[in-house]
Amino acid sequence: MAAWSVRCLLQRGTRLVSLRGAAAESPLQLVGCIRTVKTTTWFEEHLTEDNQEYMRKTMAEEYRKQTAEKLNPLKDEPWPRQEWAEGSRRVGLVAVKLGMAPIWTKTGERHVVTMLQVQDCHVIKHLSKEEHDGNTAALVVGGKNVSPFHRSEEQMEMFRNAGVPPKQKVTIFNVTDNAIIKPGTPLYAAHFRPGQFVDISAKSIGKGFQGVMKRWGFKGQPATHGQTKTHRRPGASGPGGDPAKVFKGKKMPGKMGNVYVTAFGLKIWRVNTKYNVLYVNGSVPGHKNCLLKVRDTILPTRSSTLINPPFPTYFTEEEGDLDEDLYDGNLFAHTEPSLTLT
Amino acid sequence: MAACTNRLDKFILSMRLLRNQQLQNERFLSTSVCRPAPEKDSDPPKFTPPPKPVIIDKSKTIILRKFLSPEFIPPRQRTDPFKFYLERKDMILRRKVLKIPEFYVGSILAVNMADPNASGKTNRFVGICIQRGGKGLGATFILRNVINNQGVEMCYEQYSPLIQSVEVLKLEKRLDDNLMYLRDAMPEYSTVDPNMKPETFSTSGEVPVNKIKVRMRPKPWLKRWERPKFNIQGIRFDLRLTPQQMEGAQKRAEPWREYDMMKEYDTSVLEEQIFSEVQSEMSK
């Protein structure tokens, strides 16, 4: 993939030089370029410069119109809404990790929160029980718009059916039948309320090929006292002559990070409904500006806060009079006067 | 071009003719009609002297000192600027409740904080500010004082809700941005009277710089303050170090660092934008 892109750059360089004469590409110029990947093409390959610009502009306008249409899901013949029942699971969101900041409680304790922004989250498809896995229905949700020019036709078909711009991250949420939502509905941060607990899954930061001390926390060997070339090595690899083998799953050096990790039971301290930002306790896997999957906790001790959540999701039309900032009961909002402990 | 000049000439000619016409008319009028007749509209207007020039004495206008607290300037990171904007909103909300004054490293501050273990539930600490760290809501400053021959340093978070008031008793700057070397200096340089009265300072003009050079305790110090990495101007090295030791320290100088383009971070444009934003929000 990297080699293909390098070749691609070289090709683009040669083509741009030839295009300065304001002529269309001639087949003679393409003969000199080496093209190794012959299956895929990029959208600009056979277009003139004017057409490229036109494509970009029209696509942008189309997506702006699509998002504007979908802003009022309740007017768009939504699917019939059902009541929340004990044991029902509702959909989650796809959010972008912005960064971390400190917060203080009303007793003066300091905690740290991660800020997550819900950017352009839409429901894309509904998979019924039979289509999905035979047990539960599922909803396919996507977040953060990207350009359509680098997505395959199969993916684009899915987005076109929902009437939604193509998304960077597309995930599946297992959902009970009473919580299904029509594809194309936008999802907002107010879907979660302060005081609720969430689980967040994301790809952890990739560390590359790492040794056994960093990857598994082995102690290594001493720095001095005669150690010959052995300071960070794993040491022994198993019992000895009886098994006479190394067991499967032995902790050894290898690629670390860049795997999906879930953080469970994170409390939501604050929700900003104007900018769709969630303030979530503690740290969250992933680097800054990465996309995360946020859903209600499965921890049994924290599910009591899920009584009467916005079900199946938060609709702006019916609950549009929420404050710009929703705070948890214990959180110190900076508009209040300084604390005086009595 | 020729057509333009032709037209221009014609225009000028026509103007001249008109003016001559006007003058001739006036001459006729002035001789034919006897004075006084100022009520008639056809008379030339009375001479009105030009308006008096307004002289603005720039030396007397008071220009307030422009100060943006250093924690507002975001560090050079790959974070979305929107995250800094959200933090700034919270910082401004807090600043409207708690007045955090302008201060620098080297100024003497007094902080009143809510403390569950103190009598009266508040405690007051007076000290000299030796460091300002952190960005955004987690900004901190460290105050140092010597109480009963014991050096005490308190690190306060500027936006913590436990802080009830921050007063500047003496506003001044020092030769360095970081006064951590006061830990190795003689105690009299860190002693501040806890019952000091606030001194008045002007809100315009330059901040006074205290060019004091501090005497140090004998070596070993906590850090090798003579090394060029710390770039300290405010220590009297000649009393504790020989010229050979000073030269030895200069061996660690890295003169190429100032030309390192990857470390360049020009914040002037950002600072102006943030300053205007903060000013407008604070005045609301």
Side-chain angles (χ1 to χ4, degrees), chain A residues 95-120 144 168 189 205 269-280 283-284 286-292 323-328 330-342, chain B residues 71-72 74-101 111-124 133-141 155-167 278 281-282 284:
Chain A
V96 176
K97 176 174 170 179
L98 290 180
M100 296 181 75
I103 47 152
W104 288 270
T105 59
K106 289 206 162 110
T107 45
E109 285 160 13
R110 182 187 193 262
H111 299 286
V112 250
V113 285
T114 318
M115 289 145 72
L116 315 176
Q117 188 181 30
V118 180
Q119 293 179 2
D120 311 314
K144 196 168 169 195
Q168 188 175 333
I205 298 179
W269 283 103
R270 181 176 160 185
V271 176
N272 187 321
T273 43
K274 184 175 168 197
Y275 296 110
N276 278 328
V277 179
L278 293 168
Y279 289 68
V280 145
S283 60
V284 134
H287 53 86
K288 285 197 253 264
N289 302 322
C290 80
L291 287 164
L292 325 146
D323 301 327
E324 186 189 328
D325 271 302
L326 300 167
Y327 295 96
D328 181 52
N330 275 342
L331 183 60
F332 172 81
H334 292 290
T335 41
E336 297 163 18
S338 305
L339 293 177
T340 41
L341 304 169
T342 42
Chain B
E71 72 265 8
F72 279 105
R76 191 175 64 151
Q77 280 176 354
R78 279 167 133 201
T79 3
D80 200 354
F82 176 65
K83 186 249 180 186
F84 297 126
Y85 170 71
L86 284 177
E87 261 194 312
R88 247 178 281 141
K89 279 199 341 176
D90 278 342
M91 284 153 76
I92 289 167
L93 284 175
R94 177 75 184 142
R95 274 184 180 244
K96 285 187 180 165
V97 176
L98 167 73
K99 295 271 168 295
I100 301 178
V111 172
N112 283 326
M113 195 170 99
D115 189 356
N117 305 320
S119 58
K121 300 298 170 192
T122 57
N123 70 17
R124 183 182 163 87
K135 297 284 180 196
L137 278 169
T140 55
F141 59 92
C155 178
Y156 290 102
E157 290 179 318
Q158 283 179 21
Y159 296 96
S160 166
L162 292 168
I163 294 184
Q164 285 157 0
S165 73
V166 178
E167 300 150 22
V278 168
E281 290 287 324
M282 287 296 286
K284 275 184 196 166

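These values consider heavy atoms only, across backbone and side chains, with no hydrogens, waters or symmetry-generated copies.
- Across all non-hydrogen atoms, the minimal contact from A/M115 to B/L86 is CE-CD1, 3.7 Å.
- For A/E336, the part lying near chain B is the backbone, with the side chain staying farther off; criterion is any non-hydrogen pair under 4.5 Å.
- With a 4.5 angstrom heavy-atom cutoff, A/N272 touches chain B only via side-chain atoms.
- Taking chain A as the reference chain and counting heavy-atom pairs below 4.5 Å, the highest number among B/L98, B/T79, B/D115 is found for B/T79.
- Across every non-hydrogen atom of B/Q164 and A/T340, the tightest pair is NE2-CG2, 3.4 Å.
- Scanning all heavy atoms of the two residues, the minimum distance from A/H334 to B/Y159 falls at CE1-O, 4.0 Å.
- When heavy atoms are compared at a cutoff of 4.5 Å, A/V96 does not approach chain B at all.
- Taking all atoms of both residues into account, the shortest heavy-atom contact from B/E87 to A/P102 is OE2-CD, 4.4 Å.
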What's the verdict on side-chain contact (heavy atoms from CB on, under 4.5 Å) for A/F332 and B/R94, showing C-alpha distance, side-chain angles and the deciding distance?
CA-CA 11 Å; A/F332 172 81; B/R94 177 75 184 142; 3.9 Å; yes
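- Between B/P116 and A/L341, the shortest heavy-atom distance links the atoms CD-CD1, 3.5 Å.
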Would A/D325 and B/K89 count as a side-chain contact (heavy atoms from CB on, under 4.5 Å) here? Give the steps.
CA-CA 12 Å; A/D325 271 302; B/K89 279 199 341 176; 5.6 Å; no
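- Ranked by heavy-atom pairs under 4.5 Å with chain A, the first of B/D80, B/L162, B/I163, B/D90 is B/D90.
- Between B/Q77 and A/K288, some side-chain heavy-atom pair lies under the 4.5 Å cut-off.
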